[in-house]
Novice: 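Pasting a structure below so you can have a look.
Throughout, a chain's letter reflects where its sequence line sits, starting with A, and its residues are numbered from 1. Everything numeric in this text was worked out from a predicted model, so none of it was measured.
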Amino acid sequence: MGLKERVIWKLAKGFRGRAANCITLARQQAEKGLLHAYRGRKEKKREHRSLWVQRINAGSREHGVKYSEFQAGLRQLNVQLNRKVLSELAATEPFSFQALVDQVRFMRGAPGGARGAGSSAGGGGGSGSAVGV
Amino acid sequence: MLHQTQLARSAAVDRRVAAPRNAFQTGKLRVAGVQQLSKRVVPVVVCQAAATDAPAFKGDLLNKSYYPTGADTANANKRWYIIDAEGKTLGRLATLAATYIRGKHLPTYSPSMDMGAFVIVINAEKVTVTGNKASDKTYFRHVNGRPGSWSIETFNQLQQRIPERIIEKAVKGMLPKGGLGREIRLHLKVYKGAAHPHEAQQPVDITREISLKPKLGPGKELLAAAKK
C-alpha cells in the first residue's frame with residue numbers, strides 16, 4: 001500500500017502549496033522527503049569530513065605547512081587524532097594546534113628552513129653521529 | 001636490507017622525534033605528586049590561548065562543534081588585506097584575493113557564513129597576463145540588453161578603459177555563485193594607482209603570498225634536480 005495517511009500528513013507539514021493539503025501531492029512529496037533524508041544522512045558524514053579537512057588545511061597553512069604534509073607528518077609521528085578533533089583544535093585551541101604543526105615541521109626539517117636543505121642536513125649529520133654511537 | 005644511509009637517516013629521525021622538547025614529553029613531570037605535597041589541586045593550564053585569537057565559544061566545548069554565529073561575521077571584526085598588482089599575474093593574484101575574501105585562510109571557515117576578509121588591490125592597471133593573452137584574451141559584454149548589442153574587447157583595450165573591471169571579473173569567477181557570493185564580492189576593493197582610502201583599516205600586505213610558477217618548467221624530474 002505505501003505510507004499510511006496519518007504518517008503522510010505528519011511528514012507533509014510545512015510543505016509549500018497543495019503538497020501540504022492534498023493527499024496525492026503530499027504523498028509524493030513526503031516520499032521524496034524521506035528519500036532526501038536517507039541520502040542526506042550519508043552525505044552529511046562526507047560533507048562534515050570535507051569541511052574538517054578544509055579547516056585543518058587553513059590552520060596548518062597559517063603555520064606554513066600544507067594539509068598533505070601535515071597529515072603525512074602526523075602519521076609518521078603516530079598521532080591518532082582524527083580530522084574532527086584536529087579541526088576543533090585548529091578553530092578553538094590555536095596554541096595546541098600550533099604545537100602539533102611544530103612537531104611535524106621539526107620532524108620534516110628545521111622549522112623555517114628549506115625542506116630539502118633541512119632533511120638532507122639532518123640525514124648527513126645523523127648518519128655521522130649514528131656511526132659514532 | 002636497507003641501505004646504511006637509509007638506516008642512519010631513520011635513526012636520526014627517530015632520535016629527533018624521541019628527543020623531548022618540553023617537560024610534559026619527558027613524562028617526568030609529576031603533577032599529582034606536587035599537588036599531593038602542596039595539598040592543593042591546581043588546574044594545569046597546558047595552553048592559554050589569547051582571548052582575541054580563539055573565537056568566543058560559549059557552550060559545551062567538549063561535546064559540541066564550533067559553529068559561527070552572526071556576530072562572528074560582523075564587518076567590524078574583519079581583517080583587511082592589501083595586494084599590489086604591479087607586474088603580478090592576473091589569475092594567481094585573483095586566486096589569493098578570492099581565498100581571503102571567502103575566508104578559506106581561517107580555521108574557522110564555514111561555507112554558509114561570511115567569515116572572510118576585505119581585500120584591497122592597488123595598481124590595477126599594471127596587472128599582467130602571460131603569453132599572448134594581452135592581445136588575445138577577450139572580454140564579452142552585453143551593452144544595453146537588446147539583441148545584437150554586444151561588444152568584445154581585448155585585455156589591452158579593457159585595461160585602457162576600466163582596469164579595475166579586469167581584476168573584479170577575475171575574482172568574481174573564483175567566488176561562489178549565489179547570494180553569499182554576491183555579498184562577498186563587494187569585499188574586494190580595486191583601485192587604479194597606489195592610493196586607496198582605507199588607511200584607517202591598516203591593511204596587511206599579502207602580495208608576497210601570490211603563488212609563482214616554477215621557473216624550471218613542468219617536468220617533475222627537473223624540479224627534483226633543482227631541489228638537490
Novice: Drop me the distance from A/R61's CZ to B/T99's OG1, to the nearest 0.5 angstrom.
Specialist: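 So the gap between those two atoms works out to 9.0 Å.
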Novice: If you define the side chain from C-beta out and look only at heavy atoms, does anything of B/H105 sit under 4.5 Å from A/E62?
Specialist: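 Counting from C-beta outward, B/H105 and A/E62 never come under 4.5 Å.
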Novice: If you look at every heavy atom in B/P107 and A/A91, which pair is closest and at what distance?
Specialist: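 B/P107 and A/A91 have their closest heavy atoms at O-CB, 3.8 Å.
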Novice: NZ of B/K126: more than 12 outside heavy atoms within 6.0 angstrom?
Specialist: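 Buried by this count: over 12 neighbours within 6.0 Å.
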Novice: Taking NZ in B/K177 as the centre, count heavy atoms belonging to other residues, nucleotides or ligands within less than 6.0 Å. Is the count above 12?
Specialist: yes
Novice: More than 12 non-hydrogen atoms from neighbouring residues, nucleotides or ligands closer than 6.0 Å to CZ on A/R75, yes or no?
Specialist: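 More than 12 within 6.0 Å, yes.
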Novice: Are side-chain heavy atoms of B/S110 and A/R55 found at a separation under 4.5 Å?
Specialist: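 SC-SC contact between B/S110 and A/R55 confirmed.
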Novice: Which atom names give the shortest non-hydrogen contact between B/L106 and A/A58, and what distance separates them?
Specialist: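 In terms of heavy atoms, the two residues are closest at O-CB, 3.3 Å.
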Novice: Check whether more than 12 heavy atoms from other residues, nucleotides or ligands sit under 6.0 Å from atom NZ of B/K192, and answer yes or no.
Specialist: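 No, NZ of B/K192 has 12 or fewer neighbouring heavy atoms, counting only those of other groups under 6.0 Å.
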